[in-house]
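Below you'll find the structure, written out as structure tokens, and then a few comments.
Counting from 1, the numbers follow the sequence of the chain as shown. Just follow the structure's listing: the first ligand is 1, and inside any ligand the first atom is 1. Since this is a predicted model, take the numbers as computed values, not measurements.
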Amino acid sequence: MIQLTNINKYYSIGHNRLHVLKGIDMEIGEGELVSIMGSSGSGKSTMLNILGILDSHDAGEYKLAGHVIDRNLSQTKAAWYRNHLIGFVFQSFNLLSFKNALENVALPLYYQKVSRRERNKLALEYLDRVGLKDWAEHLPSEMSGGQKQRVAIARSLISRPKVILADEPTGALDSKTSYEVMELFKGVHREGMTVIIVTHENDIAAMTQRTIRLRDGVIETAVPELMPA
Ligand code: ADP
Ligand code: MG
């Protein structure tokens, strides 16, 4: 589903150039539930933003669902890929505060020019899936953090993407709510979706199938477990 080959990313700060991703090679198969861990500043968000075509790499090759994602992609093409292939979930939910839950979930379909009637019908189905059918008319300000994240997950799914990218989706939630959100991701994964979750919490990473560790812009190679003597 995802192949990164020797991906490099730099940020310029004044006259300095910060090498943030240093030759990342990574492969994630279709239907995998993967976590990306690493300390603050290790490059997790930068990597997820490149995977999500919110940012572009400076060197290397990125392949997503059979498409080579050129680093000089036009804005229009990048938006098309984002709308059709990728669902995003963020730590801070990123819901529109003046739109109710139903409208927030329906929003990706608006950009795909789906009729209002069809948008709302589907949005209600997806709200139902995350257990929030009765909250359709509520504004984000009337909902708890866990409920807002469920709305965001419904929104990420409604366009039937190939992959869900979540950047610290439980970072703003207590542990009970975090586990409920992770159960949702696990359910989505069981239905065949590829899900990639950035986290710095061990218990969250332990709920995924595989953990990729980033350290200073490099993927740590797994240390084989010592065999008992
Ligand atoms: P993480 O998500 O693992 O905490 P980030 O990917 O956000 O790490 O950041 C990696 C490094 O890149 C950090 O040193 C950060 O300060 C720097 N960085 C991130 N975004 C930018 C940017 N837009 N401009 C300059 N430096 C940035
Ligand atoms: Mg980050």
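Counting heavy atoms of neighbouring residues, nucleotides and ligands inside a 6.0 Å radius, atom OH of Tyr11 exceeds 12 of them. Counting heavy-atom neighbours within 6.0 Å of Lys22 NZ, excluding the residue itself, gives a total above 12. Annotation: Arg210, atom CZ; neighbour count of heavy atoms from other residues, nucleotides and ligands within 6.0 Å is above 12.
The existence of a salt bridge linking Lys121 and Glu125 is confirmed by a sub-4.0 Å separation between a basic side-chain nitrogen and an acidic carboxylate oxygen. Here Asp55 pairs with Lys9 in a salt bridge; the nearest charged N to carboxylate O distance falls below 4.0 Å.
By the 30° and 60° cut-offs, the orientation of the rings of His138 relative to Trp135 is tilted. Using cut-offs of 30° and 60° on the angle between ring planes, the pair His19 and Tyr10 is parallel.
When each of Leu95, Leu96, Asn100 is checked for a side chain to side chain contact (heavy atoms under 4.5 Å, CB included) with Pro140, only Leu95 meets the rule.
With a 4.5 Å cut-off on side-chain heavy atoms, Ser35 and Met207 do not count as touching.
Excluding waters, the protein N/O/S atoms found under 2.8 Å from the Mg ion (ligand 2) are Ser45 OG.
Every protein residue with a heavy atom nearer than 4.0 Å to ligand 1 is included here: Tyr11, Leu18, Val20, Ser39, Ser40, Gly41, Ser42, Gly43, Lys44, Ser45, Thr46.
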